[in-house]
There are 2 protein chains.
Amino acid sequence: MPSSVPRAVPLPGFGAGPAAGYRGPQVCTLVGITYRQLDYWARTGLLTPSITGARGSGTQRRYSYHDVLELKVIKQLLDGGISLQRARQAVDCLRQGLGADLASTSLVLSGSGSVLAHGDGEVVDLLRGGQGVLNIMPMSGVVDELDAAILSIAEPQVSDTRPSADAARRPGEHQAASGG
Amino acid sequence: MPSSVPRAVPLPGFGAGPAAGYRGPQVCTLVGITYRQLDYWARTGLLTPSITGARGSGTQRRYSYHDVLELKVIKQLLDGGISLQRARQAVDCLRQGLGADLASTSLVLSGSGSVLAHGDGEVVDLLRGGQGVLNIMPMSGVVDELDAAILSIAEPQVSDTRPSADAARRPGEHQAASGG
DNA sequence: CACAGAAGCGACATCGACGTAGTTACTGGG
DNA sequence: CCCAGTAACTACGTCGATGTCGCTTCTGTG
């Protein structure tokens, strides 16, 4: 695993112990979504945190690295003009590709379903064979952007020691960075 | 123009004179959408008929062949999971490609806009250069499907002489043909 | 001229997705 | 033990998109 970002163990400043994972507001910052979206997506079954689900007021949802990656994929699909309904369908495909080296694949959505294509050749084959719309998202961009965001919020903040709360509330700042 | 479908002159059974075009309910049948969708899209400026707009109760909207083609593109974008909002943005690109041989192009939606790509090579270039989601729709499929639909409803109907009303109300029949 | 048919129109309803704001309750530190 | 802080929760509102239904009006035919 060439990346310097630990996937199973959170960075300093993110909870304690190996299974702590990421808290809701942190996930909002990393992914670039509002708390309301995160909550709605959890409550409607799009993505519930795999470490710890919500157990009522005062508790915390805990998301794994892969949870956050999936959320990042969903966000980029929405930014790319894909409907939430279609993104719901696509997410299942990601879960089947859990063990794969996602960074070297592309998520391809077509009329017949979603697949993880390995390399440009496979994508081109899908292009030639398909009809209707093909939606193609290279996963390398998602992984790189997420890893960069994790490193960015893990570094000590000079100006503001509440990065998760303030960053999540600043409209447009993360969206601008993610394109669309 | 190899196709046998007249673009400027409507087929027998479709109004009179060279500029008659297609009526609203006929368009619904050809494209596979409800009258409500056609009406909403006209009223909200997504696509207003280029031959004759609505002038109140009792009058008829008249759509050109290219109008219907654009509507078909929108419908296939929606079937492919693209949001209506994003389809609105993409339609402008089609209008800029009016004179082109659309059947040999692919409509490509990316974070930076929409383009009509000519040939697989250009699409592959866009794949390699881009980030985020690419949505690709070969126009040949749209043109072929529309031409086939036009020929289909122009032929004399044996069972039912109200093809536009009944076909538009049959759920799934046209959607099944268009995939997704 | 009268009338049936067809298409456009207005209006209310529903639903998904999410914004906003106040409340609840858990957790950790003093 | 008390309390501040934080995150989840509840509830109402907004908006886009579309379904449904009844009304209006134009057009063509008898």
Side-chain angles (χ1 to χ4, degrees), chain A residues 14-17 20-29 32-49 51-63 74-75 77-79 81-89 161-166 168-172 175, chain B residues 14-17 20-29 32-49 51-63 74-75 77-79 81-89 161-166 168-169 171 175:
Chain A
F14 287 88
Y22 301 95
R23 296 178 296 110
Q26 289 169 335
V27 173
C28 292
T29 303
I33 59 178
T34 67
Y35 183 82
R36 190 64 181 93
Q37 284 175 297
L38 185 69
D39 190 51
Y40 181 69
W41 295 353
R43 291 166 172 273
T44 55
L46 173 57
L47 190 139
T48 51
I51 298 183
T52 310
R55 302 172 309 280
S57 302
T59 69
Q60 291 180 343
R61 294 184 174 105
R62 289 281 176 175
Y63 294 82
I74 295 165
K75 169 65 173 163
L77 287 174
L78 294 182
D79 286 346
I82 305 293
S83 67
L84 188 63
Q85 184 71 22
R86 189 71 182 82
R88 284 183 187 273
Q89 295 166 0
T161 51
R162 297 186 307 163
S164 57
D166 281 51
R169 286 198 194 97
R170 278 191 197 119
Q175 274 90 337
Chain B
F14 287 87
Y22 302 94
R23 295 179 293 110
Q26 290 169 335
V27 173
C28 292
T29 303
I33 59 178
T34 67
Y35 183 82
R36 191 67 178 88
Q37 283 175 297
L38 187 68
D39 190 50
Y40 181 68
W41 295 353
R43 290 163 173 273
T44 55
L46 173 57
L47 190 138
T48 52
I51 298 181
T52 310
R55 304 175 306 282
S57 300
T59 68
Q60 289 180 344
R61 294 184 175 105
R62 289 282 177 174
Y63 294 83
I74 294 164
K75 168 67 172 161
L77 287 173
L78 294 181
D79 287 347
I82 302 293
S83 67
L84 188 63
Q85 185 70 24
R86 189 69 182 81
R88 283 183 188 275
Q89 296 168 358
T161 52
R162 296 188 309 165
S164 58
D166 280 53
R169 287 199 191 97
Q175 276 88 338

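Keep in mind that the numbers below use all heavy atoms, side chains included, and drop hydrogens, waters and symmetry copies. Proteins get letters first, then strands, A, B, ... in listed order; numbering begins at 1 in each.
- B/Lys75 contributes atom NZ, which lies 11.0 Å from atom CG of B/Leu77 (distance to the nearest 0.5 angstrom).
- Atom CG in A/Leu46 sits 4.0 Å away from atom CD1 in A/Ile74 (nearest 0.5 Å).
- One atom, CG of B/Leu38, and another, P of C/dG8, lie 7 Å apart when rounded to the nearest Å.
- A straight line from CD of B/Gln37 to P of C/dC15 spans 18 Å, rounded to a whole angstrom.
- Taking atom CG on A/Leu78 and atom C1' on C/dG16, their separation rounds to 13 Å, with Å as the unit.
- Remark: B/Leu78 CG to B/Ile33 CD1 distance equals 9.0 Å, nearest 0.5 Å.
- Distance, A/Leu46 CG to C/dG16 P: 14 Å, rounded to whole Å.
- With A/Gln37 as reference, A/Trp41 is the one residue of A/Trp41, A/Tyr40, A/Tyr35 to meet the side-chain contact (heavy atoms from CB on, under 4.5 Å) rule.
- Taking side-chain N and O atoms only, A/Tyr40 has a distance below 4.0 Å to OP1 or OP2 of C/dA17.
- One atom, CD1 of A/Ile74, and another, P of C/dC18, lie 10 Å apart when rounded to the nearest Å.
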Produce the list of close N/O pairs, under 3.5 Å, pairing protein atoms with atoms of nucleotides 9-11 of chain C; give distances to one decimal.
| residue | atom | partner | partner atom | Å |
| --- | --- | --- | --- | --- |
| C/dC9 | OP1 | B/Gly56 | N | 3.4 |
| C/dC9 | OP2 | B/Arg61 | NH2 | 2.9 |
| C/dC9 | O5' | B/Arg43 | NH2 | 3.4 |
| C/dG10 | OP2 | B/Arg43 | NH1 | 3.1 |

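- Looking at heavy atoms from C-beta onward, A/Val27 lies out of side-chain contact with A/Arg61 at the 4.5 angstrom threshold.
- Computed from coordinates, the B/Arg86 CZ to D/dA17 P distance equals 14 Å when rounded to whole Å.
- Note: B/Gln85 CD to A/Ser83 OG = 13.0 Å, rounded to the nearest 0.5 Å.
- The shortest distance between the side-chain N/O atoms of A/Trp41 and the OP1/OP2 oxygens of C/dC18 is below 4.0 Å.
- Here the P atom of nucleotide C/dG16 and the CG atom of B/Leu84 are 18 Å apart, to the nearest Å.
- Atom C1' of nucleotide C/dA17 and atom CG of A/Leu77 are separated by 16 Å, given to the nearest angstrom.
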